[in-house]
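Accompanying notes for the structure given below.
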Amino acid sequence: IMEKINASIDFDKKLYKYDIQGSKIHANMLEKQQIITKEENNQIQQGLNEVEKLIDDNNFEFSKSLEDIHMNVESKLKELIGAPAGKLHTARSRNDQVALDFKLYVRNAIDSLVELLQALENEILIQADKNYDVMLAGCTHLQVAQPTTFGHHLMAYFEMILRDIKRLKNARSLMNECPLGAAALCGTPFPIDRFYTAKNLDFDCPTRNSLDSVSDRDFALELMSCISIIAVHLSRFAEECIIWVSKPYNYIKLPEQYTSGSSIMPQKKNPDASELIRGKSGRIFGNLQSLLVVMKGLPLAYQKDMQEDKEPVFDSVENITLCIQATSDIIKGMVTNKENMLKTLNFGFPNATDLADYLVKELNIPFREAHHITGTIVKLAEEKELALEKLDLRDMQTVCKDIKSNVFEFINMKNSLNSRKSYGGTAPECVKKAILEAKEIIKKI
C-alpha cells in the first residue's frame with residue numbers, strides 16, 4: 001500500500017525529457033566547477049543519452065519501487081555506466097530537481113499554448129473579415145439591443161484570446177527563474193555555479209531563496225489559472241455556437257466533423273464538440289481548485305503533498321489543448337446564414353436607442369426625457385405590431401409633436417449601424433480597421 005501511495009512514476013514519467021535535460025546541464029556545471037572530472041561527465045552525458053533513447057523507443061521499464069522519474073532515470077544510468085552515475089546527484093536534491101523538471105514542463109506548455117492560441121486568433125480574424133459587415137441584432141440578457149455585425153461579435157473573442165496570450169506570456173516571465181542548486185531546502189556547501197545552470201537552461205536567473213525554490217508551486221497555479229480563464233472564453237464561445245446552430249436562430253452551420261447524430265433521430269446534428277468544450281471547463285476549474293487546496297496549508301519547505309501537483313496540471317494542459325484545437329477548427333469551418341442574422345433586426349426594436357439619440361441631437365431634449373418618449377413610441381409600435389421604422393410619422397407625433405420626417409434616417413438599420421464610429425465601435429468601417437490592427441498585433445505578440 002505504501003509503495004502505491006508513495007509512487008508518482010505513473011504520471012511523472014511524462015517529465016523524463018526535462019529531467020534528463022536538467023541532469024545534463026547539472027553534470028556540465030559539476031565538471032566546470034571541478035566537482036566531477038571531465039571523463040565522469042562524458043560517461044554521464046553518454047549514459048543519459050542512452051536512457052533518453054530507451055524511453056523514446058518505449059524500451060524502458062519504469063519501476064514503482066523506485067517511486068519517481070528521477071530515481072528511475074538514475075537507476076538505469078547506474079546500470080549503464082556504473083559508479084559515475086552516483087556522482088550526478090552531488091549538490092542537488094530531488095526537491096530542487098522536481099521543481100526544475102516541473103518548471104521546464106510548464107514553460108514548454110505555455111509556449112505550446114501560446115502557439116495554439118495564435119493559430120486560433122488567425123482563424124477568428126479570417127472569419128471576422130468575411131463577416132465584418134454582416135448585420136444582426138446585438139443582445140444583452142439574450143434580448144435584442146442594438147444593430148451590430150457578426151464580424152464585430154467575433155472580434156470580441158479575439159480580444160479575450162489576446163488577453164489569454166498576454167497572461168500566459170506574463171506567467172512565463174514570472175516563473176523563469178531556475179530552482180536547481182537550492183538542494184533539499186538550504187542550498188549546498190559544494191562550490192556550484194547556479195548562474196551557469198540557469199543560463200544554460202534558458203532561465204533569466206537562479207531563484208533567490210532556497211526555501212522558496214523547493215516549496216514554490218505558484219508557476220503551476222498561475223498556469224492553471226490562465227488555462228481556467230481560457231476555458232471560460234472557449235466555453236462562452238461554445239455556448240454561443242450551441243445557441244446559433246439551434247433552429248430558432250439558425251445563424252450558422254458547424255463543420256460536420258464536429259457534430260454528431262442521434263441514435264434514434266436521423267435528422268439530428270448535435271453540436272457535441274461545442275458541448276464538450278463547455279463541459280470540460282468544469283473539469284479544468286476543478287483541477288485549479290484541487291491544487292489551491294493542496295498548497296494552502298503547507299509549511300515551508302517541501303512536503304510530500306506537493307506530489308499531487310502534476311496530475312491536475314497535466315490534465316488541464318491536455319484538455320485545454322484539445323479545446324483550443326477544436327475551437328479553431330469550428331471557427332474555420334463555420335458557415336454563416338446571413339439572411340437569418342439579418343432577420344433578427346425585425347424583432348425587439350434594435351433601433352430604439354437611435355430614436356432616443358435623434359430626440360437628443362435634433363430636438364435638444366434631455367436624454368432621460370428622450371428615453372421616456374422613445375419607450376412610449378415603442379409601446380405604440382408594439383400595439384400596432386409594426387417595426388419602429390414602419391410606424392407612421394403622425395403616430396410618432398402624437399407622442400412628441402416636434403418629431404420630423406428626418407427621424408427615419410436615424411432609425412434606418414444600416415444608418416444606425418454605420419453611425420457607431422467611436423473607437424472600438426460596431427460600424428463596419430471600424431470593424432475593418434480593428435481587424436487590420438489585430439493582424440499587426442498578432443504578428444508582434
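Quick caveat: nothing in here was measured; it's all calculated off a predicted structure. Throughout, residue positions are numbered sequentially from 1 according to the sequence presented.
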Exercise. Under the side chain to side chain contact (heavy atoms under 4.5 Å, CB included) rule, what do Asp402 and Ile365 come out as? Steps first, then yes or no, please.
Key: CA-CA 10 Å; Asp402 296 325; Ile365 295 171; 5.9 Å; no
So which atom in [X] and which in [Y] form the shortest heavy-atom distance, rounded to 0.1 Å?
{"X": "Gln307", "Y": "Ser8", "value": "CD-CB, 3.4 Å"}
{"X": "Ala301", "Y": "Leu185", "value": "CB-CB, 3.9 Å"}
{"X": "Tyr132", "Y": "Val431", "value": "CB-CG1, 3.9 Å"}
{"X": "Ser328", "Y": "Glu123", "value": "O-CG, 3.8 Å"}
{"X": "Leu359", "Y": "Cys400", "value": "CD2-SG, 4.4 Å"}
{"X": "Val245", "Y": "Ile252", "value": "CG2-O, 3.7 Å"}

Is [X] reaching over with its side chain to a backbone N or O of [Y], donor-acceptor style, under 3.5 angstrom?
{"X": "Lys103", "Y": "Glu177", "value": "yes"}
{"X": "Arg194", "Y": "Leu180", "value": "yes"}
{"X": "Glu121", "Y": "Leu162", "value": "yes"}
{"X": "Asn131", "Y": "Gln127", "value": "yes"}
{"X": "Asp12", "Y": "Ile69", "value": "yes"}
{"X": "Glu389", "Y": "Phe408", "value": "no"}
{"X": "Asn209", "Y": "Asp212", "value": "yes"}
{"X": "Ser274", "Y": "Ile242", "value": "no"}
{"X": "Thr149", "Y": "Met135", "value": "no"}
{"X": "Lys280", "Y": "Arg278", "value": "no"}

Any side-chain heavy atom of [X] sitting closer than 4.5 Å to one from [Y]?
{"X": "Met334", "Y": "Cys241", "answer": "yes"}
{"X": "Ser23", "Y": "Arg92", "answer": "yes"}
{"X": "Phe237", "Y": "Leu154", "answer": "yes"}
{"X": "Asp129", "Y": "Lys439", "answer": "yes"}
{"X": "Tyr258", "Y": "Pro271", "answer": "no"}
{"X": "Asn287", "Y": "Val313", "answer": "no"}
{"X": "Phe60", "Y": "Asn72", "answer": "yes"}
{"X": "Ile320", "Y": "Leu234", "answer": "yes"}

Exercise. Evaluate the side chain to side chain contact (heavy atoms under 4.5 Å, CB included) criterion for residues Ile227 and Asn319: first the C-alpha distance (whole Å), next the side-chain angles of each, then the deciding distance (0.1 Å), finally the verdict.
Key: CA-CA 10 Å; Ile227 287 174; Asn319 279 283; over 6 Å; no
State the [atom1]-[atom2] distance between [X] and [Y], to the nearest 0.5 angstrom.
{"X": "Leu223", "Y": "Ser228", "atom1": "CG", "atom2": "OG", "result": "9.0 Å"}
{"X": "Leu168", "Y": "Ile445", "atom1": "CG", "atom2": "CD1", "result": "10.0 Å"}
{"X": "Gln21", "Y": "Leu201", "atom1": "CD", "atom2": "CG", "result": "5.5 Å"}
{"X": "Lys401", "Y": "Thr398", "atom1": "NZ", "atom2": "OG1", "result": "13.0 Å"}
{"X": "Arg107", "Y": "Ser173", "atom1": "CZ", "atom2": "OG", "result": "12.0 Å"}
{"X": "Asp357", "Y": "Phe410", "atom1": "CG", "atom2": "CZ", "result": "8.5 Å"}

Will you find, in the side chains of [X] and [Y], an N or O donor that is under 3.5 Å from an N or O acceptor?
{"X": "Asn351", "Y": "Ser416", "value": "no"}
{"X": "Asp354", "Y": "Gln146", "value": "no"}
{"X": "Arg167", "Y": "Ser225", "value": "no"}
{"X": "His26", "Y": "Gln97", "value": "no"}
{"X": "Asn406", "Y": "Tyr358", "value": "yes"}
{"X": "Lys53", "Y": "Asn59", "value": "no"}
{"X": "Tyr16", "Y": "Asp56", "value": "yes"}

Quiz item: More than 12 foreign heavy atoms under 6.0 Å from CZ of Arg236: is that the case here?
Solution: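 At most 12 heavy atoms, drawn from other residues, nucleotides or ligands, come within 6.0 Å of this atom.
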Quiz item: Taking everything shown except Lys17 itself, do over 12 heavy atoms lie less than 6.0 Å from its NZ?
Solution: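 It does: Lys17 NZ has more than 12 such atoms within range.
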Exercise. Please test Leu104 against Leu100 for side chain to side chain contact (heavy atoms under 4.5 Å, CB included), starting from the C-alpha separation and ending with a verdict.
Key: CA-CA 6 Å; Leu104 291 172; Leu100 171 70; 4.0 Å; yes
Exercise. Could I get the full list of side-chain contact (heavy atoms from CB on, under 4.5 Å) partners for Asn415, not counting sequence neighbours?
Key: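 Result, side-chain contact (heavy atoms from CB on, under 4.5 Å) vs Asn415: Glu409, Asn412.
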Exercise. Please list, chain by chain and in numerical order, all residues satisfying side-chain contact (heavy atoms from CB on, under 4.5 Å) with Lys421, sequence neighbours excluded.
Key: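 Here the qualifying residues are Ala427, Glu429, Cys430.
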Quiz prompt | Pairs touching residues 204-225 that satisfy ring pair (Phe, Tyr, Trp, His ring centres under 6.0 Å), sequence neighbours left out | solution =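 Pairs touching residues 204-225 that pass the test: Phe102-Phe219.
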Quiz item: Taking only residues at least two apart or on different chains, which pairs with a member in residues 241-256 satisfy side-chain hydrogen bond (donor to acceptor under 3.5 Å, both in side chains)?
Solution: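 Matches after skipping sequence neighbours: Glu256-Lys269.
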Quiz item: Got a salt bridge between Lys432 and Asp133, using NZ or NE/NH1/NH2 to carboxylate O under 4.0 Å?
Solution: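 Salt bridge absent between Lys432 and Asp133.
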Quiz prompt | Asp68/Lys13 ion pair, N-O < 4.0 Å | solution =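 Answer for the salt bridge query: no.
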Would you be so kind as to tabulate the donor-acceptor pairs closer than 3.5 Å made by side chains of residues 379-388, with sequence neighbours excluded?
none

Quiz item: Passes side chain to side chain contact (heavy atoms under 4.5 Å, CB included), Ile126 versus Lys332? Steps please.
Solution: CA-CA 8 Å; Ile126 291 166; Lys332 184 178 182 178; over 6 Å; no
Quiz item: Who passes salt bridge (Lys or Arg N to Asp or Glu O under 4.0 Å) against Lys304, sequence neighbours left out?
Solution: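 So Lys304 forms a salt bridge (Lys or Arg N to Asp or Glu O under 4.0 Å) with Glu67.
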Practice problem: Establish, yes or no, whether the cationic atom of Lys14 lies under 6.0 Å from the six-membered ring centre of Tyr105 and within 45° of the ring axis. | Solution: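 Negative - Lys14 is either too far from the ring of Tyr105 or too far off its axis.
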